[in-house]
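This report refers to the structure that appears directly beneath it.
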Amino acid sequence: MSKELLQGMDKAPQRSLYKALGFSNAEIGKPIIGIVSAQSDIVPGHTHLAQLTDAIKAGIYMSGGTPVVVPSIGVCDGIAMGHAGMKYSLPSREIIADSVEIMAVSHAFDGLVLVPNCDKIVPGMLMGAVRVNIPTIVVSGGPSLPGYRKGKKISFTSVYEGIGSVRAGKMNIAELNDIEDKACPTCGACAGMFTANSMNCLCEALGMALPGNGTIPAVYSERLRLARATGIQIMKLVEAHILPKMILTKEAFYNGIAADMALGCSTNSVLHLTAIAYEAGIKIELADFERISATTPNLCKLMPASDTSVEDLYREGGVMAVLNRLAPLSSGKKPLIDGAVLTVTGGKLSESYKDAEAEDDTVIKTVAAPYAKTGGIAVLRGNIAEQGCVVKRSAVAPEMLVYKGKAKVFNSEEEAVAAINGGRIAKGDVVVIRYEGPKGGPGMREMLAPTASLCGMGLDKDVALITDGRFSGATRGAAIGHISPEAAAGGKIALAQDGDTIEINIPNGRINLDVPAKELEKRAKKWTPRDNPVSGYLLRYSELVTDASQGAVFKTKF
């Protein structure tokens with residue numbers, strides 16, 4: 001692409017502008033590689049990315065290319081959590097995708113190295129790169145190390161749960177302050193299998209990142225070596241003309257979903273894998289997650305489901321060791337992991353995982369003795385979620401897998417948090433938070449504050465929570481999100497009332513509002529759309545976004 005922009009007499013003006021940047025004729029004559037960096041001083045997972053981009057640049061220069069760094073925005077979900085800022089988190093994914101497309105095409109890059117780390121920045125960058133379809137590799141910032149307090153591992157979610165413990169009288173303020181000081185000891189993506197680390201691990205399974213991308217800790221020098229190797233490898237992809245759409249096939253997405261289930265990833269991965277596939281022209285549906293989950297054992301139980309960190313997964317062999325254990329299995333007549341797919345290594349996926357054996361079964365269980373015979377994420381359906389909803393099954397207490405409770409209904413996260421903190425939620429309740437979906441929020445906020453408060457109060461084994469919003473990967477408990485259709489679209493979650501019985505059966509994939517059909521019809525006739533005045537980007541987003549079952553992507557026809 002850059003040759004069309006920079007060669008010949010007619011392109012002298014463009015070359016002049018490159019020279020204004022300090023580039024020589026020799027550099028201008030080489031392939032131009034865009035490094036899309038989400039570095040900023042406000043996101044702990046991104047504050048160190050300049051070091052990685054320097055290593056990537058060195059690898060590109062070593063291999064005969066000319067690197068240029070361009071920016072990407074990135075929202076810190078933890079900082080945005082619990083206030084209006086979270087409304088912008090998922091919507092920022094579409095802006096990131098647009099930005100990658102705009103920068104790559106406008107400047108005729110020959111290849112891309114994507115340098116994200118947190119939550120929706122990873123899928124946003126991949127969505128943009130797939131649209132452009134030029135050689136691309138992802139190298140993330142890596143996970144942080146866990147914190148330690150009194151000999152036990154803690155993480156970001158421990159702080160949220162500590163707030164609930166203080167309110168319940170189980171902890172004092174001094175203890176909470178101590179947790180606050182120790183929970184996040186290093187830069188990097190939060191230490192558990194939250195959304196950021198989930199997506200960075202899945203980039204390996206999809207074939208879009210070199211092995212180690214998901215698990216090498218942010219503060220390890222090995223992360224810099226991986227970045228330099230990525231800079232070298234992008235030049236090989238440019239030379240061989242290996243493109244994202246050659247890698248991101250339907251089989252690759254099935255591999256990603258299987259890895260998702262085995263690792264016990266965040267439920268946000270359902271939204272993001274669906275959205276990336278959409279950009280690749282591949283239809284991935286909730287039914288695919290259901291099918292693959294049914295035959296994929298859950299091999300890992302990481303924070304927040306346990307005190308095992310992503311660093312521990314790294315020491316045990318990482319994502320490739322997980323794929324190595326899954327590879328012999330089949331789903332129906334097909335292998336669970338298709339090792340023949342192409343990856344950014346230039347070779348088959350099987351070449352990356354064939355020798356990656358876990359040392360023991362401490363962190364990665366064997367397929368003969370898994371944590372569960374089915375995947376870490378479950379898809380549920382029923383009259384209150386006719387198009388489906390999702391739950392991180394691997395983080396649900398066994399006694400909550402089948403549950404029946406009385407609804408306590410709230411029309412926003414703030415209302416629910418006030419009720420939880422005010423002691424108005426009791427054992428046997430089902431907290432219903434609606435009008436928080438992609439359109440209704442708008443923006444589909446994460447509900448870490450209410451779930452963490454319930455956990456801190458010791459109610460995570462006695463109270464369920466359902467929402468048309470979504471959950472942080474740091475959430476644990478019977479937290480069921482992505483209810484579709486959402487309330488703002490007239491879904492039956494809009495018809496629920498205080499005192500209604502809600503039945504949840506995660507093993508059987510069912511969730512139902514136990515109200516007679518005629519009564520629901522009567523309520524539906526009285527229902528009117530909720531007025532939710534918004535402006536700016538959120539107004540445009542609410543008009544363009546599809547529902548969660550479609551990945552909350554933008555409509556293609558208006």
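Everything numeric in this text was worked out from a predicted model, so none of it was measured.
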Specify whether Tyr537 and Tyr541 have parallel, tilted or perpendicular ring planes, treating 30° as the upper limit for parallel and 60° as the lower limit for perpendicular.
tilted

Regarding Asp181 and Arg149, does a basic nitrogen lie under 4.0 Å from an acidic carboxylate oxygen?
no

Taking all non-hydrogen atoms of both residues into account, name the closest pair between Leu226 and Pro211 and its distance.
CD1-O, 3.7 Å

Here's a test for you: under side-chain contact (heavy atoms from CB on, under 4.5 Å), which of Pro143, Cys265, Pro304 qualifies with Phe194?
Pro304

Between the side chains of Arg470 and Ser89, is a donor N or O closer than 3.5 angstrom to an acceptor N or O?
yes

Just checking, any donor-acceptor pair under 3.5 angstrom between side chains of Glu27 and Tyr61?
yes

N/O donor-acceptor pair under 3.5 Å between Asp312 side chain and Ser309 backbone
yes

Return the minimal non-hydrogen interatomic distance between Gly212 and Arg223, and the atom names on each side.
O-NH2, 3.5 Å

With distance as the sole test, does Asp547 use its side chain to make a donor-acceptor pair with the main-chain N or O of Gln550 at under 3.5 Å?
yes

Side chains of Thr295 and Ser331: any donor to acceptor distance under 3.5 Å?
yes

How close do Ser269 and Asp260 get, counting heavy atoms only, and between which atoms?
OG-OD2, 2.5 Å

Between Asp119 and Arg93, is there a side-chain N and carboxylate O pair less than 4.0 Å apart?
no

Quick check: closest heavy atoms across Phe253 and Leu273, and the distance to 0.1 Å?
CE2-O, 3.8 Å

Report yes or no: does Thr475 contribute a side-chain atom to a donor-acceptor pair with the main-chain N or O of Ser472 at less than 3.5 Å?
yes

Steps toward side chain to side chain donor-acceptor pair (under 3.5 Å) verdict (Ser155, Thr157)
CA-CA 5 Å; Ser155 69; Thr157 191; 5.5 Å; no

Check: Gly141 main-chain N/O paired with His48 side-chain donor or acceptor under 3.5 Å:
yes

Test the Arg15-Phe23 pair against the cation-pi criterion, namely NZ or CZ under 6.0 angstrom from the six-membered ring centroid and within 45° of the ring axis.
no

Regarding Lys120 and Asn268, is there a side-chain donor-to-acceptor distance under 3.5 Å anywhere?
no

Is it true that the side chains of Asp361 and Thr366 contain a donor and an acceptor less than 3.5 Å apart?
no

For the residue pair Tyr314 and Glu222, confirm or rule out a side-chain donor-acceptor distance under 3.5 Å.
yes

Closer than 4.0 angstrom, basic N to acidic O: yes or no for Asp98 and Arg131?
yes

